[in-house]
Amino acid sequence: MSFADRLSRAIYRRHPPFPWNALSWILAPVGWLYGTFMRVREAAYANGWLRSTHPDSRVISIGNLTMGGTGKTPVTVFLAASLTQAGHRVAVVSRGYHGSLEGRTAVVSDGSSVRLTAREAGDEPIMLARRLPGVPVLIGANRGEAAERAVAEFQPDIILCDDAFSHLRLRRDLNLVLVHGRDGLGNRRVTPAGPLREPPSALRRADAVIINTTTADDPAVTDQLLRAGFRGPIFRVRYGAPGFRRHPGGETVAGETLANQPVLAFAATARPADFFVSLRRADLQVVETKAFPDHHAYCEADLQSLTELAAQRGIGYLVTTEKDAVKLPARASATGQILVAGIELIGEGDDLSALLALVTASDR
């Protein structure tokens, strides 16, 4: 793990251990300056000093205030699938991180076929395109430009913007913000002194907060939200792993057949521990785990190393995420041993129904 990764993970905590707490204090003035800039920027958009745009479609942002993963993509999948089933024409706009086309506007999928590769578009847009048949998926650093192209080519009545909370150039009809149930807002400082992209007060722009409780549901997180000035509805969700399929091939493998089989789980996500927890909740015997850097581009050597580790531990299957599966080499020594876990969103009580009701209530 790089120094930057260790720093990022340490300062997510509300009380970082030494020496990370000391380093956070040293970087606090830089974080304060950046936070001040973000406040001025927010005011400039709110008062019309900076121009924002809105396409001829409802726009819903699924974002977060913190660096790193909070579960935005599974929420995007849930909303897109649910809204499509309800008869809405939906398009998804994503950033396209770590793709060769990053920074450009492009159509990843027209709803019937996937036009780009993970190398070109990044892993998350390709995963979204594969999970959402019938839903166009676009990428663009300029979300407004990408949204306008979505309207021009596909005429959606709802555009879901994955990871767009701080993209104020595009006006939204609804702002959904994801927060991690264990780490919350971390030490409440703005990067590089903490994990926040904007000061905590930015949460006042949110229409709802969704707490990802896969690994924890710390009451202190709710206290952080209230201290930041958020007064809207709070929903709680977690990941579930309802089924598995072979990679490649796609044949379904019932979870019951894996119940007594030791597995090695690997992931290159912002929070791989959440994925590992979801597998254990699905009654898999996860005896070995391997975390790679987020958006890691796998090579044959990676899978060879995983295969050798599995053989040493007497493990027959490697299990990974859908996001990781789109980046695995086509020809790999581990072919036949890899299972891809399908992730679903599970709400607390009727939270998913209430979340969907909030989204559809914003119809204009």
Side-chain angles (χ1 to χ4, degrees), residues 5 62 64 68-78 80-81 92 94-99 108 114 117-119 121-132 137 162-163 178 180 212 214-215 237-253 255 258 263-299 302-303 305-307 309-310 315 317-330 332 334-346:
D5 287 336
I62 301 102
N64 56 4
T70 51
K72 299 182 300 295
T73 302
V75 171
T76 302
V77 169
F78 165 76
V92 173
S94 185
R95 176 68 172 82
Y97 285 112
H98 294 270
V108 178
V114 181
T117 65
R119 185 179 296 275
D123 46 25
E124 289 173 353
I126 296 299
M127 190 270 278
L128 286 166
R130 292 183 180 179
R131 279 292 302 271
L132 298 169
V137 177
D162 187 15
D163 194 14
L178 274 290
H180 198 271
N212 180 353
T214 301
T215 53
V237 302
R238 61 180 175 86
Y239 299 158
F244 306 87
R245 59 178 176 82
R246 294 186 185 276
H247 177 87
E251 300 89 354
T252 301
V253 177
L258 303 173
V263 303
L264 184 158
F266 69 98
T269 60
R271 292 180 179 273
D274 286 7
F275 173 61
F276 303 150
V277 167
S278 69
L279 293 180
R280 293 187 172 104
R281 282 182 172 167
D283 296 326
L284 265 67
Q285 294 186 22
V286 181
V287 299
E288 192 72 50
T289 62
K290 174 66 176 177
F292 292 88
D294 196 13
H295 302 290
H296 177 69
Y298 291 98
C299 62
D302 294 325
L303 294 187
S305 175
L306 290 169
T307 302
L309 177 59
I315 297 171
Y317 290 106
L318 312 178
V319 184
T320 193
T321 73
E322 292 175 301
K323 173 181 169 180
D324 290 285
V326 303
K327 299 176 295 183
L328 296 178
T335 296
Q337 294 178 269
I338 299 177
L339 301 180
V340 181
I343 296 299
E344 70 173 355
L345 211 60
I346 301 172

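We number each residue from 1, following the sequence as shown. Remember, predicted model here, so these are calculated numbers, not experimental data.
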Kindly compute the distance separating NZ (Lys327) from NE2 (His295), expressed to the nearest 0.5 Å. 7.0 Å
Separation between CD1 (Ile338) and CG (Leu328), nearest 0.5 Å, reads 5.0 Å
Does any non-hydrogen side-chain atom of Asp302 lie less than 4.5 Å from one of Phe266? no
Does a side-chain heavy-atom distance below 4.5 Å link Arg281 with Arg238? yes
Closest non-hydrogen contact found for Leu264 with Leu309 is CD1-CD2, 3.7 Å
Any chance you could lay out the side-chain contact (heavy atoms from CB on, under 4.5 Å) test for Val263 and Leu279, step after step, and finish with the verdict? CA-CA 10 Å; Val263 303; Leu279 293 180; 5.5 Å; no
So do His98 and Asp123 actually touch side chain to side chain, heavy atoms under 4.5 Å? no
Check against side-chain contact (heavy atoms from CB on, under 4.5 Å), Arg245 and Leu339: CA-CA 5 Å; Arg245 59 178 176 82; Leu339 301 180; over 6 Å; no
From Thr76 OG1 over to Asp162 CG, what is the distance, rounded to the nearest 0.5 angstrom? 4.0 Å
List the atom of Val319, the atom of Ala341, and the distance in Å for their closest heavy-atom pair. CG1-CB, 4.2 Å
I need the minimum non-hydrogen distance between Ala325 and Val340, along with the two atoms involved. CB-CG2, 3.6 Å
Only one of Asp294, Thr73, Thr269 clears side-chain hydrogen bond (donor to acceptor under 3.5 Å, both in side chains) with Lys323; which? Asp294
Indicate the atoms forming the closest heavy-atom contact of Ala268 with Asp324, along with that distance. N-OD1, 2.8 Å
Atom OG1 of Thr215 and atom CZ of Arg271: how far apart are they, to the nearest 0.5 Å? 7.0 Å
Euclidean distance, Glu251 CD relative to Phe244 CZ, rounded to 0.5 Å: 15.5 Å
Run the side-chain contact (heavy atoms from CB on, under 4.5 Å) test on His180 and Asp274 for me, step by step, so that the C-alpha distance in whole Å, both residues' side-chain angles and the decisive distance to 0.1 Å come before the verdict. CA-CA 10 Å; His180 198 271; Asp274 286 7; 3.1 Å; yes
Using modelled atom types only, decide if a donor and an acceptor are shared between the side chain of Asn212 and the backbone of Thr70 within a distance under 3.5 Å. yes
Nearest heavy atoms of Leu132 and Ala81, plus distance in Å: CD2-N, 4.0 Å
Can you measure from OH (Tyr239) to CZ (Phe276) and round to the nearest 0.5 angstrom? 12.5 Å
Take Asp163 and Tyr97 through the side-chain contact (heavy atoms from CB on, under 4.5 Å) test and state the conclusion after the steps. CA-CA 11 Å; Asp163 194 14; Tyr97 285 112; 3.4 Å; yes
Decide, yes or no, whether a salt bridge links Arg131 with Glu322 under the criterion of side-chain N to carboxylate O below 4.0 Å. yes
When the aromatic ring centroids of Tyr298 and Phe292 are compared, is their separation below 6.0 Å? yes
Side-chain heavy atoms of Ile343 within contact of Ser278, under 4.5 Å: yes
Leu303 versus Pro329, closest heavy-atom pair with distance: CD1-CD, 3.8 Å
